[in-house]
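These notes concern the structure reproduced below.
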Amino acid sequence: MSENIIGYIDNLGNIVDTQSADENIDAQAIEYDNSPEALEIIRHSTAHLMAQAITELYTNAKFFVGPTVDEGFYYDFKVDEKIGEEDLKKIEKKMKELIKKKYKIEKYEITKEEAVEKFANDDLKQAVLSRIPNEVVSIYKQGDFEDLCQGPHVPALRFLHNFKLTRVAGAYLGGDETKEMLTRIYGIAFADKESLKDYIKMMEEAKKRDHRKIGAEMELFMFNEESGAGLPFWMPKGSRLRYKLENILHKAHRKRGYQPVRGPEILKADMWRTSGHYACYGENMYLTTIDEQEYGIKPMNCIGHIQIFKQSGKSYRDLPLKYYEYGVVHRHEKSGVLHGLLRVREFTQDDAHIFCTPEQIASEVIDIVEFVDSVMKLFGFEYSMEIATKPEKAIGDDEVWELATQGLKDALTENNLPFTIDEGGGAFYGPKIDIKITDAIGRKWQCGTVQVDFNLPERFNVEYVGEDNERHTPVMIHRAILGSFERFIGILTEHYAGEFPLFIAPTQIIFVPISESHVAYAKELKNRLIDLDIDCEIFDKNDSLNKRVRTAEKQRVPYVVIVGDEEVANNSVAIRDRRAKEQYNLSFDEFMVKLTQQLNEGKI
RNA sequence: GCCCAUAUGGCUCAGGGGUAGAGCACUUCCUUGGUAAGGAAGAGGUCGUGAGUUCAAGUCUCACUAUGGGCUCCA
């Protein structure tokens, strides 16, 4: 057996470790390297090494499960002591000591019955065993440490060198909120030192583009302890960015036949009872009493749009009727989940509701998916689609749900659009397609959504007169493209690391006049650019030219424009182009043409 | 909501039971400079909030609030 073989891939594609393989195995060898299979083995073994170290440091430690995940591995366990970030170093040190003992990792099998007896005093092991259907279970042993485990593991501890424990967290037993909370330690491991270094470096880079850090640096948005958690404030620069995004999207909606509407922020509680929100979504709603009547602050915009639809009689000729609103909604998210702009308690959705006939669903869904695609392409986002089906708390009959779900599937399948299924992840009133964007660190965030709803129109007696002169109930499609401005701008900020393209940059141009005598010229240019809806600033503070250029560059604006005697005389501008990383001179008219072209890139 | 951690001028951080420090930002003055930090002076903090321990609390303890990393949920 080669020194470097740590496992095999059998003909079913399963990983078999050296402990489990028989001597004459005829399978593809897994070498000790950074292949996904090798990392799976290495990381899982590192999790066990960590467990062994914890056992030595905390004699009363009991272990639940320690699997590998996309980003490394973790182990869930229970100790009497509190474990904090500081303790990770201690555990790492102990792990390195254990490696020096050069233990082999051995495997033996016992029956489940024997295992239940063996771990009789360990309630967590009993919980693990209760989830295993097999009659025979395997135990891995390294030194004195034994653990119930199905593997795979490296042959010996000497294969484990390049690891780092990354964070401590709490995790419910089996992910179940009603069960006890265990301590979880996450870690990462690689086959070589370089890869570990690269990984740590990548995480540091990701931190630098964190939207919370950039948002503070660029003065885009803020939070305020006295005002409350999850309630963002938009500062001037953030508002400018947001306004541009709203404007681009406003035009895109108008081109696609949507009509702007706006509903009230609070509605009587009875409205929410009729809609089902009170029963199905009540725990997320903020309620208040006015003149002894209960009101609810809207967590969604659909009810308002329904009222507007119902205000006048509608004919089949009016359908599909598309209302859109940048709707401000409030949702009581649990305090522990709030996260910068990505999860807040007040946010604005780019929300729309399409009232249509059942026959129109497929083509409307396709139109929306195309709309989503054009927005994602504009910003260069990778995204995936997921169809979410009926949740536990839901209104409406199963048949209606089945019909709506199938409609979504058909629309995507017929257009060869790939999707996955999220069982039970739908809204309480209908199934949906969720559009998830992958962010700079690889996390997926739900942004756009398309939801087919047969339920709310019926509950509110929404009707239109058909070709047959009979009354019919329309279908409602709820949809959002960005999802919310808050989350989308948060992701955009990380995506571009604050270097926004010209068409949405909060400050698009900074003028740096060489001396006071050039300020008037800069102001004149600035005013002309306002007509193009371009936001400019003039850096005419009493600082050196170098200092002002530096300060301007640090603002991450697309263009820094220097103007002095030469530029005033020639009616030109000296440009520092940050995106192209070049410096060049243009006449102001040429510059205007260039800017107009770049603004047009933001048309969809 | 739960587990763990953190909270010092606008920002980034140092200090660690005996009555607050740096850099940047800010203000004023000098400097009017052709592409990433010119110089000088000044102002600014009841050390997140509230209790407790102590002769004495930014410093120790507890609660709360907010933030961060997770669990769960979701745009």
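Source: prediction; values computed, not measured. Naming: A, B, ... by sequence-line order, numbering from 1 per chain.
- Because its glycosidic torsion is within 90° of 0, G58(B) is reported here as syn.
- Taking atom NZ on Lys541(A) and atom C1' on A25(B), their separation rounds to 8 Å, with Å as the unit.
- Counting any heavy atom pair closer than 4.0 Å across all strands shown, Arg578(A) reaches a base atom.
- The distance between atom CD of Glu516(A) and atom P of C30(B), rounded to the nearest whole Å, is 11 Å.
- In this structure, Tyr258(A) and Phe371(A) have tilted ring planes: the angle between them lies in the 30° to 60° band.
- One can place NZ of Lys334(A) at 19 Å from C1' of G68(B), the figure rounded to the nearest angstrom.
- Under a cutoff of 6.0 Å and an axis angle of 45°, Arg548(A) and Phe539(A) do not form a cation-pi pair.
- Ring stacking is absent between Phe223(A) and A66(B), as the pair misses the limits of under 5.5 Å between centres and under 30 degrees between planes.
- The base of C73(B) lies close enough to the side chain of Arg343(A) for a donor and an acceptor atom to sit less than 3.5 Å apart.
- Between the side chain of Arg576(A) and the base of A36(B) there is at least one donor-acceptor pair of N/O atoms closer than 3.5 Å.
- Counting any heavy atom pair closer than 4.0 Å across all strands shown, Tyr186(A) reaches sugar-phosphate atoms only and no base atom.
- Nucleic acid contact class of Ala216(A) (heavy atoms, under 4.0 Å, all strands): none.
- Here Gly483(A) lies in heavy-atom contact (under 4.0 Å) with sugar-phosphate atoms only.
- Atom CZ of Phe73(A) and atom CG of Leu165(A) lie 5.5 Å apart (nearest 0.5 Å).
- Base contact: Glu333(A) has a heavy atom under 4.0 Å from a base atom.
- The base of C74(B) is paired with the side chain of Arg487(A) by a donor and an acceptor separated by under 3.5 Å.
- Comparing the C1' positions of C30(B) and A66(B) gives an interatomic distance of 44 Å, to the nearest angstrom.
- Remark: the separation of the C1' atoms in A43(B) and G16(B) is 28 Å, to the nearest Å.
- You won't find any donor-acceptor pair under 3.5 Å spanning the side chain of Asn542(A) and the base of U32(B), going by distance alone.
- In this structure, the CD atom of Gln555(A) is 21 Å from the P atom of U35(B), given to the nearest Å.
- Residue side chain Glu567(A) reaches the base of G34(B) through a donor-acceptor N/O pair under 3.5 Å, judged by distance alone.
- The NZ atom of Lys90(A) sits 12 Å away from the P atom of A5(B) (whole-angstrom rounding).
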(request) Dot-bracket notation for RNA chain B is requested: 5' to 3', Watson-Crick or G-U wobble pairs only, both distances under 3.5 Å, with ( ), [ ], | and . as defined. (result) ((((((((.[[[[.)..(..]]]].(((((.......))))).....[[[[[..)....]]]]])))))))....
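- Put simply, the residue from Gln349(A), Lys432(A), His353(A) that forms a side-chain hydrogen bond (donor to acceptor under 3.5 Å, both in side chains) with His478(A) is His353(A).
- Using a 4.0 Å heavy-atom cutoff across all strands shown, Lys436(A) reaches no nucleic acid atom at all.
- Between Phe381(A) and His495(A), the two ring planes are tilted [angle within 30° to 60°].
- No contact: Asn284(A) has no heavy atom under 4.0 Å from any strand.
- Rounded to the nearest Å, the gap between the C1' atom of G44(B) and that of C26(B) is 9 Å.
- Residues Phe233(A) and Phe223(A) keep their aromatic ring centres 6.0 Å or farther apart.
- One finds no side-chain N or O of His332(A) lying less than 4.0 angstrom from the OP1 or OP2 phosphate oxygen of C73(B).
- Residue Glu219(A) contributes atom CD, which lies 13 Å from atom P of A25(B) at whole-angstrom precision.
- Under the 6.0 Å distance and 45° angle rule, Arg43(A) counts as a cation-pi partner of Phe190(A).
- Taking atom P on both U46(B) and U59(B), the two are 15 Å apart, rounded to the nearest angstrom.
- Between His211(A) and His339(A), the ring-plane angle classifies as tilted under the 30° and 60° cut-offs.
- Counting non-hydrogen atoms under 4.0 angstrom, Gly340(A) reaches the backbone sugars and phosphates but no base.
- A gap of 30 Å separates the C1' atoms of G58(B) and C2(B), to the nearest Å.
- The NE2 atom of His250(A) lies 4.0 Å from the OH atom of Tyr324(A); values are rounded to the nearest 0.5 Å.
- U6(B) and G48(B): their C1' atoms are spaced 11 Å apart (whole Å).
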